[in-house]
Amino acid sequence: MNNSINPDQALREQLSGSADERKLALQQIFRSNDLRTMTFSYILKHGGKEEDCRDVFQEVFLLFERAVREKKFEGKSSVSTFFIGIVKWHWINTLRKRGAYTALDDRTDFMDTSDSVEASVIDEEKRKLLHSVIGQMNERCRQLLRLWGLSMSPEEIAKEAGLAGPDMAKKETYRCRAKLKEFFDARPHLMEALKN
Amino acid sequence: MEIQDTIDAYVRGHLDPAEKADFEAAFQNDPDLVKAVEQARLDFNIANVLIEDEVRGWMQEWETETPAPQKTIPPARTGWKWLGGAVLILFVGGAVWFINRPDSGAGDDSFHTPPKIVPPTTRPIDPNRPVVQQETTTPTTAPVKPELPVTNPRYIAMAEKEFTAIESDSYMRSTDPGQPKNTLQQAAEFIRKKDYSDASNLLRALSATDPDYISAQILLGEVYFRQKKFAAAEQAYTRALRSDKVSDDAVEWNLLMSYLAQYAVKKGDFDLLLNKIAADPDHPDYKQALELQKTIKK
């Protein structure tokens with residue numbers, strides 16, 4: 001069985017393709033033996049325990065997914081190099097939070113990666129607040145906003161959400177965002193707390 | 001709508017440098033535009049959290065199907081530094097295979113395992129060994145396959161009957177109607193309404209550094225159990241047990257039920273944990289464990 005991941009260009013195309021293509025590409029990356037082995041080895045070699053490995057891999061996978069989606073992975077390095085760069089950055093931050101950080105000798109390996117990923121991290125407090133807002137949204141609006149967040153065109157959103165056409169998709173998405181605006185207008189303190 | 005498209009493109013970072021500079025110059029003196037940009041940023045952050053929740057859900061599914069990397073052989077192209085590890089993994093994997101191989105003698109000597117380590121004739125044959133495990137000992141050089149879901153209605157019924165659904169109820173009781181609900185309380189409310197999908201989306205979003213992470217894992221275990229995703233429930237309870245912030249007693253019983261629901265493949269783990277609880281008269285589930293020992297033998 002070939003466990004190697006796609007050539008990078010093809011992978012990026014898949015990730016920005018249809019919902020099914022994107023899910024398949026992500027699954028392939030998630031199940032890549034290479035990435036898992038590299039991640040687990042790095043964590044174990046740098047003071048981590050076995051139980052850290054899976055958590056770090058999953059958190060890094062999420063950061064990687066977002067970085068690719070936001071075009072922050074430009075293909076200057078291979079997928080595995082970019083991924084392990086995030087692993088290193090994430091693990092140093094984890095050690096710092098635990099008060100156990102000691103300078104690692106290969107920091108320069110991931111300087112570029114960390115610059116592109118750091119801005120994407122939503123801190124825990126804000127994430128909780130955002131979830132409380134999401135809890136107020138109906139399932140339809142959650143779906144439409146998720147698809148909009150994936151940069152899908154109105155045509156693609158209409159197809160994925162089973163709407164009559166792109167105009168309807170645009171209108172419905174706009175309506176959901178207008179509801180969110182109303183929600184925040186009524187809660188200026190929440191808006192303030194969530195500002196970047 | 002055109003200005004909204006430009007705002008969205010700006011927030012997503014899709015404007016080219018010249019467009020970006022023009023746009024930023026425009027909104028310097030336009031408070032309404034500044035507010036619209038802030039709102040678009042929030043919309044985008046909410047969309048990102050929704051996407052992340054969806055991906056977390058997929059990861060939970062894929063994780064149960066993905067073998068641990070220690071059982072796999074990294075391809076040679078990963079470089080020389082992996083070669084030592086690969087040789088070690090091959091050696092250990094070969095030894096494990098050799099110990100578990102059938103007595104046919106149709107072994108594969110590519111692992112170079114010295115036969116003297118475990119002579120095939122010394123391997124004890126467990127008469128209670130589940131059929132599924134016997135099937136997986138077929139000699140093969142293929143990569144380790146994901147565990148097949150093996151269910152038995154009798155054990156699932158027993159597990160569901162004995163499962164203790166205390167966590168969501170206790171979170172609901174702690175909800176003060178005058179206060180905004182936190183993530184755990186929102187999730188507990190979803191569980192009460194049997195909206196397990198929304199509950200798991202919320203719970204999975206809490207990262208391992210969150211103070212509520214352990215409680216979230218316990219609730220997540222309950223969600224998965226009710227969805228009959230027993231392997232995922234087992235993982236969630238195991239993650240909760242790794243912490244010293246929670247009493248093992250409170251989690252062990254439901255972990256035991258997760259093993260019971262997968263009895264054919266988790267008999268060993270089930271027996272170990274059941275015996276542990278049944279040997280501890282101070283354990284809150286001691287009597288239940290003794291009863292279960294009798295029932296399971298029937």
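Chain letters run A, B, ... following the sequence lines, proteins first and then strands; every chain starts at 1. These numbers come from the heavy atoms of this one structure, side chains and all, not from hydrogens, waters or symmetry mates.
Within the 4.5 Å cutoff, the side chain of A:Ile134 has heavy atoms near those of the B:Val49 side chain. A:Ser151 has its side chain within reach of B:His14: a pair of non-hydrogen atoms, C-beta onward, lies under 4.5 Å apart. Contact annotation: the side chain of B:Gln4 approaches that of A:Arg177 to within less than 4.5 Å [non-hydrogen atoms, C-beta and beyond]. The closest side-chain heavy-atom distance from B:Ile51 to A:Arg66 is not below 4.5 Å.
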- Message: Under the criterion salt bridge (charged side-chain N to carboxylate O under 4.0 Å, His left out), I'd like the reasoning laid out for B:Glu54 against A:Arg146: C-alpha separation, chi angles, the key distance, then a yes or no.
- Response: CA-CA 9 Å; B:Glu54 183 182 48; A:Arg146 187 166 56 232; 3.7 Å; yes

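In this structure, CH2 in A:Trp148 is found 5.0 Å from CG in B:Asp43, a value given to the nearest 0.5 Å. Remark: A:Leu180 CG to B:Gln39 CD distance equals 6.5 Å, nearest 0.5 Å. Distance check, rounded to the nearest 0.5 Å: CZ of B:Arg12 to CZ of A:Arg69 gives 9.0 Å.
Under the 4.0 Å criterion applied to side-chain N and carboxylate O atoms, B:Asp212 and A:Lys128 are assigned as salt-bridge partners. Between A:Arg142 and B:Asp53 there is no salt bridge, since no side-chain nitrogen of the basic residue lies less than 4.0 Å from a carboxylate oxygen of the acidic one. Under the 4.0 Å criterion applied to side-chain N and carboxylate O atoms, A:Arg127 and B:Glu52 are assigned as salt-bridge partners.
Taking the six-membered ring for Trp and thresholds of 30 and 60 degrees, B:Trp62 and A:Phe30 have ring planes inclined between 30 and 60 degrees apart.
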